[in-house]
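In this chain, residues are counted from 1 in sequence order. Quick note: numbers below take in every heavy atom, side chains included, and nothing from hydrogens, waters or symmetry partners.
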Amino acid sequence: MNQSKNGLNNWLLIIAVITLAIIPLVFVREGEFSGSDSKAQKAISEVQPGYKPWFEPLYKPPSGEIESLLFCSQAALGAGVIGYAIGLYKGRSQQQKNKE
């Protein structure tokens, strides 16, 4: 009986995640999703039109898709490192509890 309750909870969580992913797509009809970089550039140009950046990027990806891929890879790597560290410390604390 407990396993069927867990299965129901899992399905409810899956439905909730799908709903949260679809709601913005239904209600946002603008069609333009821009990042904070472009909004910051626009705000800076409004405040100070003659602004020149201090430096140029070391690597400029040839397309937006590659830029998104690099950003997602960086986020996944960071999440993996954080997950590993949390698991490591959790394992160590459980190991210390088992020794006592």
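- Linking ILVMFWY residues whenever their side-chain heavy atoms come closer than 4.5 Å, directly or via other members, places W11 and I22 in the same cluster.
- Contact of the V17 side chain with the L13 side chain is not registered, since no non-hydrogen atoms from C-beta on lie closer than 4.5 Å.
- The only member of S63, P62, P61 that meets side chain to side chain contact (heavy atoms under 4.5 Å, CB included) when paired with E65 is S63.
- R92 contributes atom CZ, which lies 9.0 Å from atom CD of Q96 (distance to the nearest 0.5 angstrom).
- Hydrophobic cluster membership differs between L69 and L77, with clusters built from Ile, Leu, Val, Met, Phe, Trp and Tyr side chains linked at under 4.5 angstrom.
- Taken to the nearest 0.5 Å, the CD1 atom of I18 stands 12.0 Å off from the CD1 atom of I23.
- In this structure, F55 belongs to a hydrophobic cluster whose other members, linked by side-chain heavy atoms under 4.5 Å apart, are I44, Y51, W54.
- Under the 4.5 Å side-chain heavy-atom criterion for Ile, Leu, Val, Met, Phe, Trp and Tyr, V81 and Y89 are members of distinct hydrophobic clusters.
- Under a 4.5 Å side-chain heavy-atom cut-off, the cluster of Ile, Leu, Val, Met, Phe, Trp and Tyr residues that includes Y84 is completed by L88.
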